[in-house]
Amino acid sequence: MPTPQGQLPLTGERTVPGVSRENYWFRRHEVVYRWITAQSLATGTVIEAGCGEGYGADMIRATGTQVIAIDMDDAVIAHVRRTYPKVQTLQANLVDLPLRSGTADTVVCLQVIEHLWNLDEFLAECRRILRPGGRLVVSTPNRITFSPGLGRGEKPTNPFHVEEFDADQLVARLTDANFTSVQMHGLRHAPRLHDTDVVARQVHAVLSDEWTQDLLDLVAGVTVADFGIGAITPDEDLDLIAIARR
């Protein structure tokens with residue numbers, strides 16, 4: 001799929017703005033960044049672990065917060081530096097962060113942990129770089145979104161995911177990593193998308209490379225208003241959002 005000039009190509013592991021067929025996923029991610037900033041959850045020195053295209057780090061930075069965007073991919077870092085020059089960047093492995101212990105007030109990690117082979121090591125690094133009382137904010141797909149019917153530890157249907165989680169499992173992983181005061185929230189469709197089966201239709205379209213015009217129109221018209229974030233509803237939430245303290 002072509003992308004606008006100067007834009008990062010789609011890989012299946014990250015979303016980018018400005019691509020009509022990708023608009024649903026971009027807006028679904030954007031609403032979480034907007035919620036984080038509206039709730040003042042990203043304060044002080046903020047580390048975004050796995051920054052991807054960089055739009056989220058720039059949204060956080062626009063609130064007046066110092067943000068360091070971290071990614072392992074050199075092409076990603078080059079793109080972020082070019083596209084969002086006010087965002088500080090650092091190329092690094094997420095399980096070996098070149099940061100002093102206790103230097104971060106907040107770590108934000110959205111739609112990343114499902115891709116990690118060594119999640120326990122990453123969580124240990126997050127805890128190390130956070131100051132006492134610092135906050136970790138994580139989002140990840142609820143397992144029922146892409147892999148309904150599969151149990152814990154089973155290989156996800158999504159080929160780019162190493163592991164997918166349910167809400168109780170995510171709380172347990174964070175607690176086992178010695179984070180405290182874990183709060184869970186869920187992202188779900190607002191009424192306009194409730195009965196559209198938009199996720200399954202997009203997955204089928206991507207796999208078959210057959211997009212119907214009504215699906216293209218639906219996806220292109222999605223906005224942040226088509227999603228809501230609230231108290232956890234395990235059997236309905238599309239994405240899980242966890243907030244924990246060091």
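Residue numbers start at 1 and run along the sequence shown.
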Euclidean distance, Leu130 CG relative to Phe179 CZ, rounded to 0.5 Å: 5.5 Å
Asp105/Arg135 ion pair, N-O < 4.0 Å: no
ring-ring contact (aromatic ring centres under 6.0 Å, His included) assessment of His29 paired with Phe227: CA-CA 10 Å; His29 296 176; Phe227 303 95; 9.4 Å; no
Geometric class of the His161/His115 ring pair [parallel <30°, tilted 30-60°, perpendicular >60°]: perpendicular
Pairwise side-chain contact, Ile241 with Val32, heavy-atom cut-off 4.5 Å (strictly under): yes
Ring-ring centroid check Phe160 Phe146, cutoff 6.0 Å: no
Distance-only polar pair, side chains of Gln202 and Arg21, donor-acceptor under 3.5 Å: no
Single-linkage hydrophobic cluster Val138~Ile70, side-chain heavy atoms < 4.5 angstrom: yes
Residues Arg201 and Thr212: side-chain donor-acceptor under 3.5 angstrom: yes
Thr180-Arg245 side chain donor-acceptor pair, cut-off 3.5 Å: no
Pair Thr223, Arg27: side-chain N/O donor-acceptor within cut-off below 3.5 Å: no
Candidate pair Lys86 and Asp58, rule salt bridge (charged side-chain N to carboxylate O under 4.0 Å, His left out), full reasoning: CA-CA 8 Å; Lys86 294 183 179 180; Asp58 195 56; over 6 Å; no
Ser40 backbone acceptor or donor facing Thr43 side chain under 3.5 Å: no
Worked check of salt bridge (charged side-chain N to carboxylate O under 4.0 Å, His left out) between Asp176 and Arg173: CA-CA 5 Å; Asp176 289 347; Arg173 295 296 290 266; 5.9 Å; no
Within 6.0 Å of NE2 in His204, more than 12 heavy atoms from elsewhere: no
Pair Tyr33 + Tyr55: ring centers closer than 6.0 Å: yes
Atom pair CG (Leu193) and CG (Asp226), whose distance is rounded to the nearest 0.5 Å: 4.0 Å
Spacing of Leu174 atom CG and Ser181 atom OG [to the nearest 0.5 Å]: 11.5 Å
Hydrophobic cluster identity match, Val162 and Leu94, side-chain contacts under 4.5 Å: no
Donor-acceptor under 3.5 Å (Arg128 side chain, Leu99 main chain): yes
Between Gln169 and Glu164: side-chain donor-acceptor atoms closer than 3.5 Å: no
